[in-house]
A.B. asks: 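Shown below is the structure under consideration.
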Amino acid sequence: GGGQDDDRLTIAVIPKGTTHAFWQSIRAGAERAGQELDVGVIWRGPLREDDRASQISEVEGFITRGVSGIVLAPLDEVALALPVAEAQRQNIPVVIFDSGLKGGDYVSFVATDNRKGGALAADHVASRLNGKGKVILLRYAEGHDSTSQREEGFLEGLASHPGIEILSSNQYVGTDVEGAYNRSEAILSRYRDRDGSLAVDAIFCVNESSTFAVMRVLQDHGWAGKTRFVGFDASDSLVKGLAEGHIDALVVQDPVKMGYLGVKTMVSHLRGEPVEKRIDTGVNLATRENMKDPGIHALLQPDLSRGTP
Amino acid sequence: MTSGTPRLEMRGVRKAFGATIALDGVDFSVAPGEVCALVGQNGAGKSTLMAVLSGVVRPDSGSMMLEGQPYAPREPIDARAAGVAMIHQELSLAPHLTVMENIALGLEPVRRGLLQWHEMRDTARRALAQLGHEEIVPDAIVADLSPASQQLVEVARALASGSRVLVLDEPTSSLSHGDVQRLFELLERLKSQGMAIVYISHFIEEVQAVSDRVVVLRDGRNVGAGRTRDMPADAIVQLMVGGEVEALYPRSPREPGDVLLELVDLEPGAATLSLRRGEIVGIAGLLGAGRSRLLRTIFGLESVRSGRIRVGVYSGPASPAARWDQGVGMLSENRAGEGLASGLSIADNLTMSRLEELGPGFLVFPSRQASAASRWVDRFAIRSSGPAQAVGELSGGNQQKVALARLLHHDVDLLVLDEPTRGIDVGSKAQIYAVLDALASGHAHEPPQASGTGGEPAIVADRVAVGRPRAVLMVSSYLPELLGLCDRVAVMCRGRLGPVRLASEWTEHSLLMEASGAKAG
Amino acid sequence: MRGDTGVLLGLLLVALIFGLLIGPRFFRPANLELMARQTVIVCVAALGMTMVIVSGGIDLSVGSIVALSTVVTALLLRMGMDPALAALGALAAAALCGTVNGLLITRLRVVPFIVTLGTMLLVRGAAKGLAEERRIEAPITWLNGLLRTARDGNLGVPAGVWLTIVLAVLVAGVLGYTRFGRHLFAIGSNERTARLCGVRIDRRKLQVYSLSAAFAGLAGVLEFSRLAVGDPTVGVGLELDVIAAVIIGGGSLSGGKGTVLGTVAGAAIMAVIQIGCSQHGLPNWVQQIVTGIIIVIAVALDRWRQAPTR
Amino acid sequence: MRGDTGVLLGLLLVALIFGLLIGPRFFRPANLELMARQTVIVCVAALGMTMVIVSGGIDLSVGSIVALSTVVTALLLRMGMDPALAALGALAAAALCGTVNGLLITRLRVVPFIVTLGTMLLVRGAAKGLAEERRIEAPITWLNGLLRTARDGNLGVPAGVWLTIVLAVLVAGVLGYTRFGRHLFAIGSNERTARLCGVRIDRRKLQVYSLSAAFAGLAGVLEFSRLAVGDPTVGVGLELDVIAAVIIGGGSLSGGKGTVLGTVAGAAIMAVIQIGCSQHGLPNWVQQIVTGIIIVIAVALDRWRQAPTR
Ligand SMILES: Nc1ncnc2c1ncn2[C@@H]1O[C@H](COP(=O)(O)OP(=O)(O)OP(=O)(O)O)[C@@H](O)[C@H]1O
Ligand SMILES: Nc1ncnc2c1ncn2[C@@H]1O[C@H](COP(=O)(O)OP(=O)(O)OP(=O)(O)O)[C@@H](O)[C@H]1O
Ligand SMILES: [Mg+2]
Ligand SMILES: [Mg+2]
């Protein structure tokens with residue numbers, strides 16, 4: 001690593017944002033690994049959430065400061081490639097997590113198989129609808145690698161079911177909850193029947209904030225529970241929605257593990273141990289039926305204590 | 001004459017703005033039932049003294065007593081509450097509000113939290129009636145009124161607040177002759193009701209007509225005071241300028257040359273006129289007669305509706321930029337709003353219309369700008385800390401000189417002047433008249449201000465105007481200067497320009513008759 | 001005199017265009033109610049902003065104050081406080097931010113643009129800090145029903161919409177019929193004159209910024225009512241929408257002009273465009289282009305209508 | 001007279017504080033260069049904005065123009081165009097947006113705030129439309145090295161930083177020593193006076209908005225150089241940073257005031273705070289609070305220093 005002031009390793013963990021419960025879990029995992037392995041973990045999201053330029057600035061800042069290693073969830077698979085290459089040149093290794101990065105200038109890629117996550121949702125929807133019905137895909141935001149893979153995985157999964165009609169798949173609801181609420185409300189209102197009910201059989205959302213926003217729209221209009229609604233990721237409110245039947249299923253990743261493995265892989269690399277280039281942290285489908293299973297429950301309500309479990 | 005304690009007494013008031021000492025230990029007092037005139041040259045400190053009185057400016061030292069009680073306003077509202085009403089030199093109205101709201105501003109009648117519009121309207125109506133202007137509607141928006149009506153609204157505000165001390169800082173600078181008479185009658189009435197009145201004006205005739213006592217300031221100090229009837233006009237002027245003013249209206253031999261401006265049936269204005277090099281032509285008229293609009297149309301600031309207009313060899317309408325190129329310059333009547341950019345320096349304002357020769361190509365060198373400007377600052381005796389001072393910090397009269405100097409810097413052939421001496425003191429007026437005369441005649445002559453103890457250099461008229469004679473077209477509401485300075489004069493009445501006659505064929509009386517539309521031939 | 005006729009015509013025009021594009025279902029009561037519901041948050045904040053802009057000021061911190069208000073509401077609810085008290089607490093926190101704005105503007109004599117740009121960052125940071133950089137989940141209470149369609153009672157219109165209407169009438173009254181309101185116009189029209197006439201400018205400014213922030217706080221409570229979480233990242237860029245609503249509605253950034261009716265119509269225009277584009281299935285980028293063009297045209301029409309004939 | 005002494009003092013102060021907090025490594029050349037690199041994008045856009053603000057206008061569309069410029073550069077590069085030509089194409093597209101701004105402002109007589117608010121949405125929409133709502137990948141060329149540290153040559157400072165310095169000197173020269181610059185001050189100080197004095201106001205405005213947009217376009221090329229993709233969502237809210245830089249640097253939103261040195265120092269203050277906070281390991285929300293407070297203090301100090309004694 002670059003010029004460190006003391007011998008203890010310092011690892012910068014840069015998420016895409018900070019407010020989603022998902023990132024809180026990543027943080028818990030990363031800090032737990034930090035404690036376990038006795039390394040310093042600096043947690044800093046980009047100043048503007050979902051702003052590529054701002055994340056690049058963060059990476060540049062840490063390169064100049066000279067941390068031992070950077071663990072990064074790139075907001076963009078291309079835009080972040082240059083600063084990561086720069087880090088490599090300055091002998092600062094980088095581990096990528098959550099979302100992919102073009103090129104191979106990193107030590108390892110720790111992430112969920114997002115395409116598989118989308119496919120899981122598609123299979124679930126198809127089986128619940130018995131292969132027939134009207135479905136809406138609400139996209140997240142332009143140019144995000146992980147979420148667009150989920151969207152593609154979902155559409156590919158449904159392609160094999162000719163009886164399923166996709167009403168809308170070109171609308172982006174955006175990165176903030178408020179905008180997502182407004183846009184999804186307007187989009188869904190279009191499919192409102194005369195009696196006020198929703199003429200849509202299933203809806204799929206690809207991340208936590210949009211899932212939450214759409215759940216709120218469904219609740220506010222009294223549509224919740226009447227339409228099959230599949231979301232992505234977990235938070236307290238989403239789990240509550242799942243328990244109450246407002247959400248039919250949630251595709252859940254294992255963020256704590258992702259954060260933990262991200263830091264652990266980096267430390268292994270720094271200590272000269274060999275590491276795998278691709279680490280899959282797994283993806284599961286949580287429904288009302290299986291949500292009490294210990295394995296699924298741990299994913300839905302992860303233990304966020306920072307210490308060793 | 002009055003007796004007992006003065007209503008207002010100011011002692012040893014000092015105020016400095018940075019390096020400028022505006023007031024240097026001024027004493028001033030006014031008694032109930034007295035009109036006290038405050039006179040002095042531009043920048044003498046009159047407005048500043050009144051700003052101290054009305055709580056706008058806090059003095060560095062000195063004391064004030066109001067009816068024997070110590071008085072130290074911290075904010076204008078304190079002064080208003082203590083019964084000091086003020087009409088400011090610069091118009092101060094809220095243009096988006098109605099007439100009645102402007103009159104009641106700060107003292108609106110409220111009952112149970114709600115505004116009492118009726119009460120407000122009645123108050124406004126009463127105050128306007130007192131001025132003899134019932135035709136100004138209390139519900140009208142102030143921005144829609146003519147400048148003269150706006151001035152009247154301001155007077156009405158001072159009346160409506162039920163004050164004990166009334167300060168008028170050049171209230172007549174945009175009032176018509178009739179309105180001035182009405183204002184004087186009103187002041188007489190208020191005086192007899194025991195009001196203490198401070199009257200600031202550059203018109204010595206007005207001072208003599210209305211005041212009981214005169215206090216003269218020069219360079220922020222008291223230089224004289226006395227009962228008005230004991231002080232002839234020359235004595236007042238002498239105190240003001242610290243010397244003598246000779247030949248207020250100089251007149252060198254002028255020889256009319258080629259025609260520089262020709263108007264044929266120009267609308268708006270119904271104007272037919274031709275102006276030659278070496279001539280000064282004046283336009284008289286009542287307020288709102290349309291004189292300003294005529295000048296603005298000539299200069300391209302408003303569009304020509306019909307008729308012909310020719311400037312030198314160029315015919316037809318043109319933009320202001322083109323007019324400058326054709327050798328025409330204009331002085332606006334609205335100094336603060338249009339004439340000058342108050343945030344910019346004297347140098348910037350002076351050279352704004354002609355930056356071309358201040359550097360090679362499209363470049364402008366600030367040093368050349370400053371030296372060009374300081375030449376004019378010296379010649380016009382502009383009281384300032386230098387060409388870099390912001391114009392907004394100058395006194396009104398000095399600002400006017402900057403605006404006029406711009407035309408000379410541009411070296412125009414035709415000067416279009418709208419109220420060129422508004423708000424200017426006698427001494428400076430004489431200087432400006434001398435400049436205009438020199439410009440028109442193309443001849444130099446002795447500077448008008450001789451032995452001065454005031455220490456201010458006079459405008460050096462002979463260096464201002466060398467070479468060719470120029471032409472001047474000027475609008476003025478001050479009849480003596482039109483008659484004294486112009487070769488020919490025309491009268492504008494209700495938007496129509498009358499025939500142009502030799503100045504010697506007019507008298508103040510006949511001008512007034514014609515302007516009011518009551519002419520007999 | 002009336003600066004809001006233009007914007008009302010504009011609103012009509014925009015609604016008609018989308019009505020033609022989408023068909024009569026665009027005007028079904030349910031859809032109109034949707035528009036009303038999506039307007040209220042911008043609308044409530046814009047009521048406060050109208051007063052600020054009339055007084056010649058500007059308030060860039062409203063977006064951040066909305067976020068702070070959602071966070072405070074959620075935190076108080078989570079502490080088990082009564083929903084009404086929690087909402088009041090959020091209003092108080094918001095008004096406090098406004099008072100800080102007002103104090104900085106009047107005491108330090110810094111222009112409102114800078115002061116509120118500073119507090120925009122400051123309040124946003126405070127909201128994130130309070131929320132520990134995450135979304136605060138809170139129990140569902142009747143607060144979350146404020147913008148829910150009432151199927152019975154309330155004439156089928158959500159309580160939040162009624163609240164907004166009442167507030168709009170109130171603010172219009174304050175602006176037109178109280179000393180406070182007329183002083184705001186006087187200050188915005190000519191601050192020097194207002195001062196010379198004894199209007200206590202500093203006090204008025206303090207009041208108007210506090211009030212505006214309280215309105216933003218209320219907008220935050222309504223936002224919370226929809227989101228059911230305290231979200232410190234909500235409302236980024238909201239201030240521009242709010243200011244745009246006021247300006248489209250005939251307000252002038254140089255002060256002295258602005259009406260409540262205009263502001264409400266301005267906010268409505270933007271909601272109609274947004275909903276119309278979404279329901280017509282236009283992509284977001286087309287919607288942005290349309291909104292941009294309409295903003296300019298609405299104001300241009302208005303200026304053109306009022307232009308002096310010369 | 002000089003409106004930028006305050007901000008220079010402020011910059012010094014902020015740098016000292018962080019120097020004390022972080023230690024001497026804060027002033028290492030690599031760190032200084034990082035600050036320079038992170039300032040340039042805001043700085044270049046702010047140079048154009050300085051001219052606009054001096055002339056009494058405002059340009060809210062710069063953030064969107066930056067995005068458009070990255071998209072156009074990427075598209076042209078992908079078409080196989082020479083990098084220099086691609087950058088020129090982006091500048092031309094940006095300048096065109098500025099010309100539209102200028103035309104709308106001068107022809108429709110709508111205030112700049114509204115016109116540029118409209119074009120902010122319009123240009124953003126156009127950028128998204130051009131990019132088909134995704135980011136455009138482009139081959140890596142020397143353009144991407146503009147902000148990279150040159151280990152040899154250039155005195156170890158990236159070419160983009162040199163470019164910015166040259167431009168800043170140029171703009172300072174234009175403002176202080178050309179007719180165009182003096183006319184901008186005249187228009188900003190009192191537009192009617194400028195008109196009376198024969199300044200061709202409409203032409204000047206057209207020029208200044210086009211120029212400002214071209215600067216934003218250049219900022220976009222620099223942004224592209226960092227991102228290596230054409231990103232239609234980049235630069236949201238950038239306009240506020242840019243305007244803040246100008247105002248912190250002593251510019252006045254009512255026109256007639258502003259200096260290049262002040263603007264550059266204003267942009268630098270914000271970069272120093274950002275990097276200082278980041279390297280001190282302070283969380284974002286603390287950084288936002290600190291930035292907010294410093295913005296207000298910097299401007300307050302300046303006003304207080306200049307305040308007339310009364
Ligand atoms: N705010 C200010 N800043 C700096 N100097 C000022 C300020 N106000 C007034 N002065 C200066 O104080 C002096 C007195 O100005 P004041 O306005 O009182 O003159 P005045 O007698 O009213 O002149 P006039 O007849 O031209 O109105 C002038 O030299 C003027 O330049
Ligand atoms: N702002 C305004 N709104 C409406 N009418 C106006 C306005 N200003 C002037 N007028 C009217 O236009 C006509 C011409 O005014 P103008 O100012 O040219 O007259 P003027 O003779 O130059 O008077 P002044 O001596 O005040 O300049 C008058 O009838 C006047 O009432
Ligand atoms: Mg005066
Ligand atoms: Mg006139």
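We name chains A, B, ... by the order of the sequence lines, and we start the count at 1 in each one.
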A.B. asks: Chain D: which of Gly129(C), Ala126(C), Ala127(C) shares the most heavy-atom pairs with it under 4.5 Å?
C.D. replies: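 Winner by heavy-atom pair count: Gly129(C).
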A.B. asks: Would you call Val286(C) and Lys128(D) a side-chain contact if the rule is heavy atoms closer than 4.5 Å?
C.D. replies: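 Sidechains of Lys128(D) and Val286(C): no contact.
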A.B. asks: How far apart are the closest heavy atoms of Leu121(C) and Ile295(D), and which atoms are they?
C.D. replies: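 Closest approach of Leu121(C) to Ile295(D): CD1-CD1, 3.9 Å.
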A.B. asks: Measure the spacing between CD1 of Ile114(C) and OG of Ser252(D) and express it to the nearest 0.5 Å.
C.D. replies: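 These two atoms lie 10.0 Å from each other.
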A.B. asks: Should we say atom CZ of Arg192(C) is surrounded by more than 12 heavy atoms from elsewhere, each under 6.0 Å from it?
C.D. replies: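 More than 12 heavy atoms, drawn from other residues, nucleotides or ligands, come within 6.0 Å of this atom.
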A.B. asks: Give, for atom CD1 of Ile289(C) and atom CZ of Arg124(D), the distance between the pair rounded to the nearest 0.5 Å.
C.D. replies: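 Atom-to-atom, Ile289(C):CD1 and Arg124(D):CZ are 12.0 Å apart.
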A.B. asks: Would you compute the distance between atom CD1 of Ile243(D) and atom CZ of Phe113(C) and round it to the nearest 0.5 angstrom?
C.D. replies: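 Nearest 0.5 Å value for the CD1-CZ distance: 4.5 Å.
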A.B. asks: Check whether any side-chain heavy atom of Leu122(D) lies under 4.5 Å from a side-chain heavy atom of Gln288(C), and answer yes or no.
C.D. replies: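 Of all side-chain heavy-atom pairs linking Gln288(C) with Leu122(D), none is under 4.5 Å.
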A.B. asks: Looking at every non-hydrogen atom in both residues, tell me the closest pair between Leu108(D) and Ala300(C) and how far apart they are.
C.D. replies: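 Scanning both residues completely, I find the closest heavy atoms to be CD1-CB, 3.8 Å.
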A.B. asks: Tell me, do Leu253(D) and Val111(C) make a side-chain contact under 4.5 Å, heavy atoms counted?
C.D. replies: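 No - every pair of side-chain heavy atoms lies 4.5 Å or more apart.
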A.B. asks: For side-chain contact (heavy atoms from CB on, under 4.5 Å), just list the numbers for Glu239(D) and Leu240(C), CA-CA rounded to whole Å, side-chain angles, deciding distance to a tenth of an Å, and then say yes or no.
C.D. replies: CA-CA 11 Å; Glu239(D) 56 278 353; Leu240(C) 285 183; 4.2 Å; yes
A.B. asks: Heavy-atom distance under 4.5 Å to chain D: side chain of Glu132(C), backbone, both or neither?
C.D. replies: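 No part of it gets close to chain D.
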